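Have a look at the structure below before the remarks.
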2 protein chains.
Amino acid sequence: MASTAPATAPSDAGAPGNMADVRRNNLALVLGRVVQSPAGFHLTRAQLAAATGLTKASVSSIVLDLLDAGILREVGLSRQGERGRPGVGLELNPSRGVMGMEINVDYIAAGVTSLSGELVVKEVRERDNRDSASGAVMSALAELASGVRLAASALGVDVLGGGLAVPGLVEPGSSTVTVAPNLGWVDTKLDVARLLPSVPLGVSLFNEANAAALAELAHSPHGRDFLYISGEVGVGGGLVLNSELFTGPEGNAGEVGHIVVDPEGAPCSCGGTGCLETVAGQDAIFSAAGITVKGRTRTESMADLLGALAAGSPAALTAVQQAGRALGVAVASASRVANVRAVVLGGHFAVLDQWLHGPLLESLAKYAPGALSPEHVMTSTVGDAGALLGAAGSVVRALVEAPHRLQA
Amino acid sequence: MASTAPATAPSDAGAPGNMADVRRNNLALVLGRVVQSPAGFHLTRAQLAAATGLTKASVSSIVLDLLDAGILREVGLSRQGERGRPGVGLELNPSRGVMGMEINVDYIAAGVTSLSGELVVKEVRERDNRDSASGAVMSALAELASGVRLAASALGVDVLGGGLAVPGLVEPGSSTVTVAPNLGWVDTKLDVARLLPSVPLGVSLFNEANAAALAELAHSPHGRDFLYISGEVGVGGGLVLNSELFTGPEGNAGEVGHIVVDPEGAPCSCGGTGCLETVAGQDAIFSAAGITVKGRTRTESMADLLGALAAGSPAALTAVQQAGRALGVAVASASRVANVRAVVLGGHFAVLDQWLHGPLLESLAKYAPGALSPEHVMTSTVGDAGALLGAAGSVVRALVEAPHRLQA
DNA sequence: CAAGTTAGTTTATCGCTTGAACTATATAAG
DNA sequence: CTTATATAGTTCAAGCGATAAACTAACTTG
């Protein structure tokens, strides 16, 4: 059902609305249009008025606020019509940026993007974080972030806030990692604020797959609705519906790695049985393909697997095909539950796509015919930096949706 | 992630906000509090001001509008404090109501509830709608609805609008049934408006399981987040998250009947393989239990099954236990995808609960340990009339969220 | 019956959008 | 070079809804 949306929804649902809410809404409306405009094309106040439906007077007043807050910048004159006074172009202030950070199993990373999403600086440091105390990892990351922030500053970009992506479940709205199996963290409260001392927008925490999903949303033509499936040691997922990340009441929605794909299957690290991860996770594929893991890095093992596939190893081919079929079952079930219409494969699923793709589509056609068209099963276009870009992008997105947070 | 909600969201997302939106928001806020108040307990303006955070002046003005619109009514004096001037109690106008209607395989039904959800009149007419043209069914229903409307009118209840529930997929926001397998309808546009000529709120169309889910939400203590699973000829579902029906981008979310529970399973009417419905649908259970369907009504066959279960028939017991285990697998997968935390079983699942319950919980513990606590697997408390009550309730809900639609 | 207490209304003020009038700056025509 | 026309952006009065404070209303207590 498409019930009439509530007329206004103040920041806290169920709170009184007043004129400040109207202003916040319209600030976001105008700023949102600027963000959506193609790079290099600068909208004018008059065009914003036409696009948003606001009057020129309101747009002028709103733009003034956004200029004062340092979010927008005027950029010369814009000639598009033949006659009449030229308008003044507006763009996101290129001297403001946000930091994306990532903690993963074998590295930490930090990077700064401008508000328009361009990567300005990025640094990755290899570090074995497996079973490392969270405090030690955070200290190393704080140091890395500090350096990256200085580098951005030297390039004239001021960091307004940051986002951190971790490979684990995150309690929504808090800085707590409920569980990160591959890091060995359980109910770990992270002091994210110290990564970026005294930034106006603070630092937020994200699940890695969710962040990567948002990066695909922002940087790729996958549409407004898709399920991102991240293939790492674990199998994670990020569900994007109507251009919004759907996290569910506890923040655990989209955990596609633990959909049951075989009731007779193997036990899973989550305590369940026959989860997708037990067939399509990296360890499962390596093991089924007969690839050695011990004493080798994941990158090396993956290279071995690709070699075996290229050489036509039956074990390797079967392992990957099985993973593809299991993905098809999982996607079939997910499409029923959440009306998923498109799938984006990331991590090792993107790497193995040429072997996975066929079995996945066959399996999908068998278990949920008509639910997704084959061309809606795609691979990631953002790649490695997805989690980092997504974490940074989420901070920008939050700013765009609530620009008043940066006002004096 | 729990990003900051947009400050205001005018009726059309991306539309300018103005002070009328603030008013709409606050009308809904005040009215929502009145609706939430326990039956028989009448809030006063002063209490509403305290509860909503609005000032007394604003509440007075808003209540005046709601009285003028005929949505609220003043009801004597309310003494709760010891001292001071007594407040004037407010309640939903009992002379206004909405109609819920239902088309199902072997009957049509119509009933009127007051705005507070009490059933005033209800009439059910047996009718075999299987493979009946939609126009003929709608004509019969229009006649039934007209009579029920008159009966309600005679009792002093004026019908403001209506909701119709059908056992099929409904295109959100339209009056089109995409597919209703058990009625034999495909892409059928229904002229719902003629069911209730000239009502101010019109007539909306709902999926049966979704409507029933909303009825459970309104009339039962199941909480704000649950998956309702309806056991009928088909297996349907309604996903309630944060007290909202979650329908997904195409309106097909919660279609739990076609989650894959056995990749080696039987073909399904949806074209898929091993769907929940192939194990736990009514026909599947009857067939596995060796119950005759031909020449008998569904009610009779169900009575036969209950008899067989009571008599300890191994085939019947096994059939129902298998259905329970399949439900466990489906719930496990659904809990991963949409972070479902509770399940409400309706239709034949409620009837068979004493045999289903154990196998379902065992299966759930095997496939998704810790995802749902056992006490969060519940049975429907609304029963038969769920779809009808839910359809009516949805209309009330839409009115509460946008009361200005009833203003002059 | 006066004092105290709570309910609800009245009034002045503020902030934000709106629409119309106005100013500013360009191109095109004479 | 001047004038007409077209478009961009600002200014200003008006309207509306929320707020806060003052005020009126109605009841209890002593």
Side-chain angles (χ1 to χ4, degrees), chain A residues 7-8 10-12 14-30 42-68 72 74-90 403-404 407-408, chain B residues 7-8 10-12 15-30 42-68 72 74-90 403-404 407:
Chain A
T8 60
S11 8
D12 296 298
N18 54 31
M19 283 162 307
D21 289 317
V22 175
R23 184 58 156 193
R24 283 194 271 275
N25 177 69
N26 291 342
L27 278 167
L29 182 63
V30 168
H42 300 133
L43 288 162
T44 66
R45 289 170 177 79
Q47 291 170 325
L48 283 168
T52 57
L54 290 161
T55 60
K56 290 191 296 175
S58 294
V59 170
S60 279
S61 156
I62 286 166
V63 165
L64 194 64
D65 278 4
L66 293 172
L67 290 170
D68 283 349
L72 290 186
E74 293 191 330
V75 51
L77 294 189
S78 162
R79 276 240 58 67
Q80 56 280 330
E82 297 304 316
R83 305 220 273 247
R85 170 177 166 181
V88 179
L90 296 164
H404 62 278
Q407 287 182 298
Chain B
T8 61
S11 8
D12 297 298
N18 54 31
M19 280 161 306
D21 289 318
V22 174
R23 184 58 157 196
R24 283 194 272 275
N25 177 68
N26 291 342
L27 277 167
L29 181 64
V30 168
H42 300 133
L43 288 164
T44 66
R45 291 169 176 79
Q47 291 169 326
L48 283 169
T52 58
L54 290 162
T55 60
K56 289 191 296 174
S58 296
V59 170
S60 279
S61 156
I62 286 166
V63 165
L64 194 63
D65 279 5
L66 293 172
L67 290 170
D68 283 349
L72 289 187
E74 293 192 331
V75 51
L77 295 188
S78 163
R79 278 242 55 68
Q80 56 282 331
E82 298 303 317
R83 305 219 271 250
R85 171 179 167 179
V88 179
L90 297 165
H404 62 280
Q407 288 183 295

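Below, all heavy atoms of this structure are taken into account, side chains as well, without hydrogens, waters or symmetry copies. Computed from a prediction, not measured in an experiment: that's the story for all the values here. Note on naming: letters A, B, ... go to the chains in the order of the sequence lines (proteins, then strands), and numbering restarts at 1 for each one.
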- Validation row: A:Arg45, A:Val88 side chains within 4.5 angstrom (heavy atoms): yes

- Looking at residues 52-63 of chain A, who's got a heavy atom less than 4.0 Å off DNA chain D? A:Lys56, A:Ala57, A:Ser60

- Distance-only donor-acceptor check, side chains A:Ser61 and A:Arg23, under 3.5 Å: yes

- Message: Taking 4.0 Å as the cut-off, does a side-chain nitrogen or oxygen of A:Arg45 come that near to OP1 or OP2 on D:dT10?
- Response: yes

- When rounded to the nearest 0.5 Å, the distance separating CG of B:Leu43 from CG of B:Leu48 is 5.0 Å

- Task: May I ask you to decide if A:Ile62's main-chain N or O and A:Asp65's side chain share a donor-acceptor pair within less than 3.5 Å?
- Result: no

- Item | Protein-nucleotide distance (B:Asp65, atom CG; D:dG17, atom C1'), rounded to Å | 11 Å

- Query: Would one find a side-chain N or O of B:Arg85 under 4.0 angstrom from OP1 or OP2 of C:dT5?
  - Reply: no

- Any donor and acceptor pair, going by atom type alone, linking the side chain of A:Asn26 with main-chain N or O of B:Pro16 inside 3.5 Å? no

- Query: Between C:dA7 atom P and B:Leu90 atom CG, what is the distance in whole Å?
  - Reply: 13 Å

- Item | Distance in angstrom units between A:His42 NE2 and D:dA8 P, rounded | 17 Å

- Message: What is the distance, to the nearest angstrom, from the CZ atom on B:Arg24 to the C1' atom on D:dA18?
- Response: 16 Å

- Main-chain N/O of B:Leu54 paired with B:Ser58 side-chain donor or acceptor, under 3.5 Å: no

- Query: Between the axis at one end of the helix from C:dC1-D:dG30 to C:dG30-D:dC1 and the axis at the other (five pairs apiece), what's the angle to 10 degrees?
  - Reply: 20°

- Query: Quick one: CE on A:Met19 to CE on B:Met19, what's the gap to the nearest 0.5 Å?
  - Reply: 7.5 Å

- Atom CG of A:Leu29 and atom P of C:dT17: how far apart are they, to the nearest Å? 11 Å

- Query: To the side chain of B:Met19, which of C:dG8, C:dG15, C:dA28 is closest?
  - Reply: C:dG15

- Reported OG1-to-CZ distance for the pair A:Thr44 and A:Arg85, which is rounded to 0.5 angstrom: 10.5 Å

- Task: Find the distance B:Leu48:CG to C:dT6:C1' and express it as a whole number of Å.
- Result: 16 Å

- Task: Would you mind reading off the distance between A:Arg83 atom CZ and C:dA24 atom P, rounded to a whole angstrom?
- Result: 22 Å

- Query: When you check the phosphate oxygens OP1 and OP2 of D:dA18, does a side-chain N or O of B:Asn26 lie under 4.0 Å from one of them?
  - Reply: yes

- Take the protein atom CG of B:Asn25 and the nucleotide atom C1' of D:dC16, then report the distance between them rounded to whole Å. 16 Å

- Item | Interatomic spacing from CG in A:Asp21 to CG in B:Asn25 - rounded to 0.5 Å | 7.0 Å

